[in-house]
Amino acid sequence: MANYSINQPSAHFQIEKYAGTGSAHNPVFDGPANLQPDFIWIKETDSNSYSNILTNTTRGLTKYVYTDSTQAEQTNSNRVGGADTDGFGVGTASDVNNNGNNYVAQCWKGNGGTNATNTVGQRTSLVQANTTAGFNIVQFNDGGSTGQTVGHGLGAIPSFFMSKQLGADTGWYGMFPSIYGGNQSSGVNTTNNFGTVSGFTNFTTTTFTSGQSASDDHICYMWKPIRGYSAFGQYKSNNNADGPKIFTGFRPAFIILKMASGGTHWRYYDHKRDGFNPENNYLRMNVTNGENTAANSELEIHSNGFKLTNAEGDINYNTENVLYAAWAELPQVFTDGVPVQAR
């Protein structure tokens, strides 16, 4: 029997592939479980014209930021209008619903938009926590002072952490604090290497230290690993078609990859846009480019992880450290002992 706390990952994370109609409509998830999302990430996949859009129920789904831009938070009710009991609504804006274009949405469950006030740190924060799935949305205001601690409520040092200042045109932080150093970041909107930053440091199981100096709201997304549901780590590339195999303990639905060195993109792969090996095309967090359809046989999704299958520049070049974050479609073995089949 598998010792998993989450037998059905689709109750906490799902991906929806949908076609734009130009008219407001509600894409509905097709996973085995219903999911009312609290963090929604949408990308148009056909062209190079539209950004990665992120929104959440802590701020309100009419507010959004772009991972491929430094632009401050925007508000528009014609993008994401609301979360349903098993899906979400899109308006008429072209970057989420242009007639004839295709889109993909990654969606996580939080706590139904309910936030708790966290006063553990020197700065009060709002925390929306999904304790079962190891995912928190944290909002805080730095109050114009650097070096202040902020409570995050995750109960562990975050394994994957993304954050952006909301009121100004500033860059993102992308960090793997428990894996690759507590002050190493690569801007999610860049191809930069992971380097030492002062923006976020001293991650503990309860707090982190903010080096921000503007009196402004910040949003943070953070995860810790949950056996059979999510995994975070690093591997060493080998520049070979017989590339590294990463064991996650589940069949991945969504994988984010970033090489530690500079000049490399933040890539992501999912199980919906192609649906079979080896045709796992990728998108990128740091640019507006559509789906890369020339990425044949670069990555395969297996029942217990994923494998690199090409020598190339962003995820399997030379002998470099590559950071990854992955979430499950299905656990490797169900709680009744039945194994999951490969794709």
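The first residue of the sequence shown is numbered 1, and numbering continues consecutively from there.
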Exercise. Kindly indicate, with the supporting measurements, whether the criterion side chain to side chain contact (heavy atoms under 4.5 Å, CB included) is fulfilled by Ser94 and Glu44.
Key: CA-CA 9 Å; Ser94 295; Glu44 187 268 349; over 6 Å; no

Can you check whether [Y]'s main-chain N or O pairs, donor with acceptor, with [X]'s side chain at less than 3.5 Å?
X: Thr190; Y: Gly187; result: yes
X: Ser237; Y: Asn318; result: yes
X: Asn316; Y: Asn240; result: yes
X: Asp169; Y: Ala72; result: yes
X: Asn118; Y: Val120; result: yes
X: Thr149; Y: Thr207; result: no
X: His152; Y: Cys220; result: no
X: Asp38; Y: Gly112; result: yes
X: Thr70; Y: Thr170; result: no
X: Ser47; Y: Ser49; result: yes

Using only heavy-atom distances, determine whether the side chains of [X] and [Y] contain a donor-acceptor pair under 3.5 Å.
X: Asp217; Y: Asn141; result: yes
X: Thr196; Y: Gln184; result: yes
X: His12; Y: Asn130; result: yes

Please report, to 0.1 Å, the donor-acceptor pairs under 3.5 Å made by any side chain of residues 24-36, with sequence neighbours excluded.
unit_1: His25; atom_1: ND1; unit_2: Thr21; atom_2: OG1; d: 3.3
unit_1: His25; atom_1: ND1; unit_2: Ser23; atom_2: O; d: 3.1
unit_1: Asn26; atom_1: ND2; unit_2: Asp84; atom_2: OD1; d: 3.3
unit_1: Asn26; atom_1: ND2; unit_2: Asp84; atom_2: OD2; d: 2.4
unit_1: Asp30; atom_1: OD1; unit_2: Lys272; atom_2: NZ; d: 2.9

List in chain and number order the residues that pass side-chain contact (heavy atoms from CB on, under 4.5 Å) with [X], two or more places apart in sequence or in another chain; answer none if no residue qualifies.
X: Thr45; value: Asn102, Val104, Arg273, Leu283, Glu291
X: Lys224; value: Leu154, Ala156, Ile226
X: Thr58; value: Asn56, Asn115, Gln128, Ile137, Gln139
X: Ser213; value: Thr146

Practice problem: Using the side-chain hydrogen bond (donor to acceptor under 3.5 Å, both in side chains) rule, take Lys245 and Asn304 through it: C-alpha gap first, then chi angles, then the decisive distance, then the call. | Solution: CA-CA 10 Å; Lys245 170 65 184 284; Asn304 58 359; 2.9 Å; yes

With the 4.5 Å side-chain cut-off for hydrophobic clustering, are [X] and [Y] part of the same group?
X: Trp108; Y: Leu61; result: no
X: Phe13; Y: Leu54; result: yes
X: Ile315; Y: Met259; result: yes
X: Trp327; Y: Trp266; result: yes
X: Phe254; Y: Phe135; result: yes

Pairwise side-chain contact, [X] with [Y], heavy-atom cut-off 4.5 Å (strictly under):
X: Asn321; Y: Tyr180; answer: yes
X: Pro244; Y: Ile246; answer: yes
X: Ile256; Y: Phe232; answer: no

Check: [X] ring centroid to [Y] ring centroid under 6.0 Å:
X: Phe161; Y: Tyr173; answer: no
X: Tyr268; Y: Tyr282; answer: no
X: Phe39; Y: Tyr221; answer: yes

Pair [X] + [Y], salt bridge at N-O below 4.0 Å:
X: Asp242; Y: Lys307; result: yes
X: Glu320; Y: Lys258; result: no
X: Asp314; Y: Arg284; result: no

Exercise. Would you sort out whether Asn189 and Asp68 count as a side chain to side chain contact (heavy atoms under 4.5 Å, CB included), showing the intermediate values?
Key: CA-CA 4 Å; Asn189 57 295; Asp68 45 72; 5.6 Å; no

ring-ring contact (aromatic ring centres under 6.0 Å, His included) with [X]: which residues, sequence neighbours excluded?
X: Phe140; value: Phe208, His218
X: Phe160; value: Phe176, Trp223
X: Tyr317; value: none

Quiz item: Sequence neighbours excluded, which residues qualify as side chain to side chain donor-acceptor pair (under 3.5 Å) partners of Gln148?
Solution: none

Quiz item: Partners of Trp41 by side chain to side chain donor-acceptor pair (under 3.5 Å), sequence neighbours excluded?
Solution: Asn52

Quiz item: How many angstroms lie between CZ in Phe203 and CE in Met222, if you round to the nearest 0.5 Å?
Solution: 7.0 Å

Exercise. Using the side-chain hydrogen bond (donor to acceptor under 3.5 Å, both in side chains) rule, take Ser77 and Thr62 through it: C-alpha gap first, then chi angles, then the decisive distance, then the call.
Key: CA-CA 5 Å; Ser77 60; Thr62 60; over 6 Å; no

Quiz item: Would Glu312 and Arg267 satisfy salt bridge (Lys or Arg N to Asp or Glu O under 4.0 Å), going step by step from the backbone distance to the final call?
Solution: CA-CA 13 Å; Glu312 61 77 56; Arg267 287 193 188 183; 2.6 Å; yes

Quiz item: Apart from Leu126 itself, what residues make up its hydrophobic cluster when side-chain heavy atoms of I, L, V, M, F, W and Y under 4.5 Å apart count as a link, directly or indirectly?
Solution: none

Exercise. Please write out which residues are connected to Tyr50 in a hydrophobic cluster, directly or through intermediates, given that two of Ile, Leu, Val, Met, Phe, Trp, Tyr count as joined at side-chain heavy-atom separations below 4.5 angstrom.
Key: none

Quiz item: Do you know which of Tyr269, Tyr324, Phe247 makes ring-ring contact (aromatic ring centres under 6.0 Å, His included) with Phe306?
Solution: Tyr324

